[in-house]
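Structure, as structure tokens:
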Amino acid sequence: MSEKDASTTTAPGKSMDAIVALCRRRGFIFQSSEIYGGINGFWDYGPLGVELKRNLKEAWWHDIVRCPADGPDGKPLDMVGLDCTIIMNPKVWVASGHVGGFNDPMVENEKTKKRYRADQIYGLYKRYRSEDSIELQLKELIDLAHDKTLQPPYGPNLTCTAGSASEAFGYFQGALQKTPYKITRIDVTESSFESVSSDGRPVIGLVLPVPMFLLETSIACVPSPDNHDDLMWLLKQYENNRGQFSDTSKGFDLSEPRQFNLMFQTNVGAVQNDASAAYLRPETAQGIFANFRNVVDTSRVKVPFGIAQVGKAFRNEVTPRNFTFRSREFEQMEIEFFIRPESAKEWYAYWRDSRFAWWQSIGLAGENLILREHDKDELAHYAKEGAGTSDVEYRFPFTAPGYGELEGVAHRTDFDLRQHAEHSGYGDKLKYFDQEKNERYFPHVIEPSAGADRGTLAVLCEAYTPDDSRASKVYMKFHPRMAPIKAAVFPLVNKDGMPEVAHTLYKTLREKYAVQTDAKQSIGKRYARMDEAGTPYCFTIDGQTLEDQTVTVRHRDTQAQERINVDKVPAFLAEHIGA
RNA sequence: GCGGGCGUAACUCAAUUGGUAGAGUGUCAGCCUUCCAAGCUGAAUGUUGAGGGUUCGAGUCCCUUCGCCCGCUCCA
């Protein structure tokens, strides 16, 4: 999420509470196992919701696998699908780094209950005792200061956006002015230079040679390694802040590092022991990498090509929140696109831009959708050296004025294939062989990874349109391709032969489209219900139909009406909805 | 995981110092109805989130728990 563009806000009248209420009332989304009090982080899709989400997934599958666009070289993309299991050999997650990296050891301040990643406060989570002498602590600090192996993330890794090193120098000087420490050097690392901020200026990193110490006051202290006074000052800060850190009996009162496991664990087979332990996949991507060899061997694909998968993934999030936005069980739509390493920049740009355009094409066309290039310091472990990472982000009512991620496009390099080559023992056999160039190599990967539930939620939020002038006070302005119900067929009144005509038209249309018919109650009430369901068109059979074979088309967005011949209705839908 | 707020029908809300759980909307059925939730008649729906306690008696007081919202934290 980002806080960019704070000057604009989400459209007025779009309260998340109202959207959630409509989702419940009209059967889009329910809380899972609600009659038992629900379960945090799990959501069910009702009759309208499942249609909506299917439309999203099927549009994705159609546009990615069945009917992909042309690539940057002008040729149609080579794409195939895949459907892997949720539970895989646990070694997959060791290779991918999810066992270990995903489970960052955390330390907790036992008094304030605040939690930090252990690697970010290295040195501090070492528990000094009050009887430990200042000299001992000082010695440890000096050792740390001279430990050249402590590189980021262990060392402080401050960055700023600046046009030159001297400008950055001024920034860092300001940032550190409340400490007695001076900047000893500025490293404009290669990786920092590659990252360019949104305003086009390079990101310049300050890499300091010793660990940063986080005090409770959020001061970042950076002792110069050879300055005795600096180290003494730092110790003094510890002393002064000890009341906040500890109960005075245990020095700096942080717990031992603990694992906070974000992967769901289960057991395969009846016996529950370490040998039977397995995980629910935290992402669908690894199933694709694990099957890379199989797909290459069986489907005649050639680099560049992509493998796509839609499926459930699971993360035991610390804090599920914001409706379905952060769920513990969720569905991903992922592409792993395999390319020659030297073409990474080109393909990365292609996927970044085409994925953004795709979200626009399904109705998120307004200013609530943005494309955001990541800063270097927020990149995932596998993407540090890549061509880049960006997010397609949507301004949800609950993130406004900030944004929430819908899809991430990342250059994963050849990290995953190499990891699996090593851990599986397959080694070079996992490499791709290029016949033309007689060359064997690990392809690089551009990964566009989208959230189906987040996408559905964004479509819901975007469609929600308050309108006091209509009976329903609100209507869902879905893109026709997303609308759960494409059209409704109504007899104006429930007599005089109109129901029969309506029924015949309904039976014809439902062969191809999700349509509904309803003869009960007043026509206004039926239109109003369709407004809340987001149905783009209603066809109404009236007295005139019986005479001249024309029906009324009622447009959802404008409430305008026109007459067309009943025989032209399928063609009308084909034109306005698409096949 | 921490702190704060909140849970009464599908929705929005009532219910006197603790004293028979109600209304409107929606939903459903019938009638009526020739274009935007119209009208008439009728109907269904709650273990007051759940569990325990105090009490003759708990929606109301106490404890526990679950869920939702906000702020931290987390989001590889």
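Fair warning: this is a prediction, and the values are worked out from it, not measured in the lab. In the text below, chain A, chain B and the rest are named by the order of the sequence lines, each starting its count at 1. Reckoned from all heavy atoms, side chains included, excluding hydrogens, waters and symmetry mates.
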Regarding A:Phe30, tell me which of base, sugar-phosphate or nothing describes its non-hydrogen contacts under 4.0 Å with the strands shown. nothing
A:Arg328 CZ - B:C68 C1' separation (whole Å): 14 Å
Atom CZ of A:Phe325 to atom P of B:C68: distance rounded to whole Å? 16 Å
Taking for each residue the nucleotide of RNA chain B with the nearest heavy atom, is it A:Arg454 or A:Ala21 whose nucleotide lies nearer the 5' end? A:Ala21
B/S/- contact track for nucleotides 32-40 of chain B, protein heavy atom under 4.0 Å: -BBBBBB--
From CD1 of A:Ile39 over to C1' of B:G49, roughly how many Å is that when rounded to an integer? 15 Å
When rounded to the nearest Å, what value does the distance between C1' atoms of B:C61 and B:U55 take? 10 Å
What is the distance, rounded to the nearest whole Å, between atom CG of A:Asp44 and atom P of B:A10? 17 Å
Looking only at atom P, what distance separates B:A58 and B:U48, rounded to whole Å? 12 Å
For nucleotides B:U54 and B:C63, find the distance between their P atoms and express it as a whole number of Å. 15 Å
Can A:Arg470 be said to sit on top of A:Tyr475's aromatic six-ring, NZ or CZ under 6.0 Å from centre and within 45° of the ring axis? yes
Distance check, C1' atoms only: B:G46 and B:U20, in whole angstrom units. 15 Å
Do side-chain atoms of A:Arg526 reach the backbone of A:Leu492 as a donor and acceptor pair under 3.5 angstrom? yes
CE of A:Met16 versus C1' of B:C69: gap in Å, rounded? 12 Å
Parallel, tilted or perpendicular: which describes the rings of A:Tyr527 and A:Phe490, with under 30° parallel and over 60° perpendicular? tilted
Okay, side chain of A:Arg355, backbone of A:Glu407: is any donor-acceptor separation there less than 3.5 Å? no
Quantified in whole Å, what is the P atom distance between nucleotide B:G18 and nucleotide B:C56? 16 Å
Proximity of A:Trp351 and A:Phe337 rings by center, below 6.0 Å: yes
Quick one: sort the A:His503 and A:Tyr506 rings into parallel, tilted or perpendicular, breaks at 30° and 60°. tilted
Determine the interatomic distance between C1' on B:A15 and the same-named atom on B:C36; round to the nearest Å. 37 Å
Can you list the stems that RNA chain B is part of, where a stem is at least 3 pairs in a row, each Watson-Crick or G-U, with both distances below 3.5 Å? B:1-7 with B:66-72, B:10-13 with B:22-25, B:27-31 with B:39-43, B:49-53 with B:61-65
Rounding to an integer number of Å, can you tell me how far A:Arg24 CZ sits from B:G7 P? 18 Å
Whole-Å distance between B:A50 P and A:Asn40 CG? 19 Å
When you compare B:A44 with B:G24, how far apart are their P atoms, in angstrom units rounded to a whole number? 15 Å
If only atom types and distance count, is the side chain of A:Arg563 paired as donor or acceptor with the main-chain N or O of A:Thr550 below 3.5 Å? yes
Say we look at B:C13 and B:A21: how far apart would their C1' atoms be, to the nearest angstrom? 13 Å
Verify the contact: side-chain N or O of A:Lys520 to OP1 or OP2 of B:U27, cut-off strictly under 4.0 Å; return yes or no. no
Answer yes when A:Lys473 and A:Asp468 have at least one side-chain N-carboxylate O distance shorter than 4.0 Å, and no when they do not. no
Rounded to the Å, how far apart are A:Asp17 CG and B:C68 P? 13 Å
In terms of side-chain geometry, is the basic nitrogen of A:Glu331 or A:Lys312 positioned less than 4.0 Å from the acidic oxygen of its partner? no
Please check if the distance between the ring centroids of A:Phe292 and A:Phe338 is under 6.0 Å. yes
